[in-house]
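Single-structure report; data block below.
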Amino acid sequence: MALRSRGRRRGLVIGVDIGGTKVAAGVVNPAGRVLARGRAQTPNRSKSPKVVEDTIAGVVDELRREYPVTAVGVGAAGFVDRSRSSVLFAPHLSWRGEPLRTALTARLGLPVAVENDANASAWAEMRLGAGRGSSDAVVVNLGTGIGGAVVLDGALYRGRHGIAGEFGHMAVVQDGHRCECGNRGCWEQYASGNAVTREARELAAADSPVARGLLQAVGGDPSRITGPLVAELAAEGDRACVEVLEDVGRWLGKGLADLAAAFDPEVFVIGGGVSECGDLLLGPARTAYRRHLTGRGYRPEARIVRAQLGNEAGLVGAALLAREEPPQRFRGVGRTSRAPRRRPR
């Protein structure tokens, strides 16, 4: 089944992707092509929500000087409410019940659509990328944490309160690593960019013989180890870095098996910066997925594929969603429709 949408605006739209440390934006045409780009850091992220709002407005104003845009779509890293207007909670930002759409609409003088950043990325991948042609998918974005999104029967599933798909905060280890969301043992503590960095640093700090090459690359200082460095060294065959990605990949695959039990998707699309590790990560993930899949051997297996749109998926998806007319009402999965009530005469 084709993805469901209804066109509203045919002109240019600015898509904005807000992460924990940066704001990326682009002017997007109706075909999903990015015509111009802007980017800014978000300083003092833990102190003032207004700082992030100022940063967004600055990037958008810079782009709209050169292009006649009709709307702005914002992909926000946090829990976006059912009306898609407020950010209820952002683990990596200071937003708590932030009325982002109202603030930006007044500031910019343009229609603004706010969406969870993982939902925005997922919509781009489903319309234009790795999920194209599928109607039931789970999209998992591996970055600083883990973002998730669900597409069922060709439509984004947001849940009753708008915050479905927060897979990164499923508790997978009792009393495990502390998470920025306030809980312990969340999946993103074991299968994200932060997990890659933490595991590599711990391995190096233990002065393990297997980590000699990694320590040499950072001059003997484990605090200088980063996720991109681990990925780079793993691609070159460094034993310690390959092992770290295998460990993280196994955690990823186990979590995907749990999600398959819940949603039975046709495809898993794995995006985010960590997905750039390719089969060094996804190979172990596929193996672990098959090992932990409920009813393995007696049921169809969802494909596990790498996202295609890269870092621009979030802003492209936000622009696509801003261009499309929002649904008039939300429907629960599997809920039967009721006949309209008649007014008493």
With no hydrogens and no angle check, is any side-chain donor or acceptor of [X] less than 3.5 Å from a backbone partner on [Y]?
X	Y	value
Asp17	Val23	no
Glu125	Ala130	yes
Ser192	Gln189	no
Trp95	Ser86	no
Arg198	Glu202	no
Arg323	Val28	yes
Thr70	Leu12	yes
Ser134	Ala137	no
Thr197	Gly193	yes
Asn116	Val80	no

Of all the heavy-atom pairs spanning [X] and [Y], show the shortest one and how long it is.
X	Y	value
Pro49	Glu98	CB-OE1, 3.7 Å
Ala307	Gly271	CB-CA, 3.6 Å
Ala240	Leu203	CB-CD2, 3.6 Å
Ala76	Val87	CB-CG2, 4.0 Å
Gly253	Ala288	CA-CB, 4.0 Å
Leu245	Ala234	CD1-CB, 3.6 Å

Count I, L, V, M, F, W, Y as connected when their side-chain heavy atoms are under 4.5 Å apart, and connections chain through other members. Are [X] and [Y] then in the same cluster?
X	Y	result
Val139	Phe167	no
Val16	Val59	yes
Val274	Val305	no
Trp251	Met170	yes
Ile304	Leu281	yes

Can you tell if the side chain of [X] reaches within under 4.5 Å of the side chain of [Y], non-hydrogen atoms only?
X	Y	answer
Val269	Val140	no
Leu156	Val150	no
Leu215	Pro222	yes
Val69	Val13	no
Leu35	Asn29	yes
Val138	Val151	no
Arg39	Lys22	yes

Could you tell me which residues satisfy side chain to side chain donor-acceptor pair (under 3.5 Å) with Arg250, sequence neighbours excluded, listed by chain and number? Asp247
In this structure, are over 12 heavy atoms from other groups packed under 6.0 Å from [X] atom [atom1]?
X	atom1	answer
Arg132	CZ	no
Arg107	CZ	yes
Arg37	CZ	yes
Arg96	CZ	yes
Asn311	CG	no
Glu62	CD	no

When rounded to the nearest 0.5 angstrom, what is the spacing between [atom1] in [X] and [atom2] in [Y]?
X	Y	atom1	atom2	answer
Leu214	Arg201	CG	CZ	10.5 Å
Ile146	Leu252	CD1	CG	7.0 Å
Leu110	Leu104	CG	CG	10.5 Å
Leu321	Asn119	CG	CG	8.0 Å
Ile56	Asp61	CD1	CG	11.5 Å
Asp258	Leu293	CG	CG	10.0 Å

Would you say Trp123 and Glu115 are linked by a side-chain donor-acceptor pair, where the criterion is simply a distance under 3.5 Å? no
Can you see whether Asp221 engages Ser223 through a side-chain donor-acceptor pair at a distance of less than 3.5 angstrom? yes
Kindly give the cluster partners of Phe79, where membership spreads through any ILVMFWY side chain lying under 4.5 Å from a current member. Leu88, Phe89, Ile163
For Phe268 and Tyr289, take the angle between the two ring planes, folded into 0 to 90°, and tell me which bin it lands in: parallel under 30, tilted 30 to 60, perpendicular over 60. perpendicular
Starting from the C-alpha separation in whole Å, work towards a yes-or-no answer on side-chain contact (heavy atoms from CB on, under 4.5 Å) for Val60 and Leu108. CA-CA 8 Å; Val60 169; Leu108 300 172; 4.0 Å; yes
Walk me through it: do Glu188 and His169 pass the test side-chain contact (heavy atoms from CB on, under 4.5 Å)? CA-CA 7 Å; Glu188 71 174 39; His169 300 290; 3.6 Å; yes
Take Val27 and Val34, measure what side-chain contact (heavy atoms from CB on, under 4.5 Å) needs, and give me the verdict at the end. CA-CA 6 Å; Val27 178; Val34 181; over 6 Å; no
Assert yes or no for the condition that the ring centre distance of Tyr157 to Phe263 is strictly below 6.0 Å. no
Mind running side-chain contact (heavy atoms from CB on, under 4.5 Å) on Cys186 and His177 for me, showing each step along the way? CA-CA 7 Å; Cys186 292; His177 293 294; over 6 Å; no
The single option from Leu100, Val72, Thr102 that satisfies side chain to side chain contact (heavy atoms under 4.5 Å, CB included) with Val114 is Leu100
Show your working on side chain to side chain donor-acceptor pair (under 3.5 Å) between Ser83 and Asp81 and close with a plain yes or no. CA-CA 6 Å; Ser83 66; Asp81 72 349; 3.0 Å; yes
Under the criterion salt bridge (charged side-chain N to carboxylate O under 4.0 Å, His left out), I'd like the reasoning laid out for Arg306 against Asp279: C-alpha separation, chi angles, the key distance, then a yes or no. CA-CA 9 Å; Arg306 181 180 169 188; Asp279 283 342; over 6 Å; no
State whether Asp264 and Arg299 are salt-bridged, where the test is any N-O pair (Lys NZ or Arg NE/NH1/NH2 against Asp/Glu carboxylate O) under 4.0 Å. yes
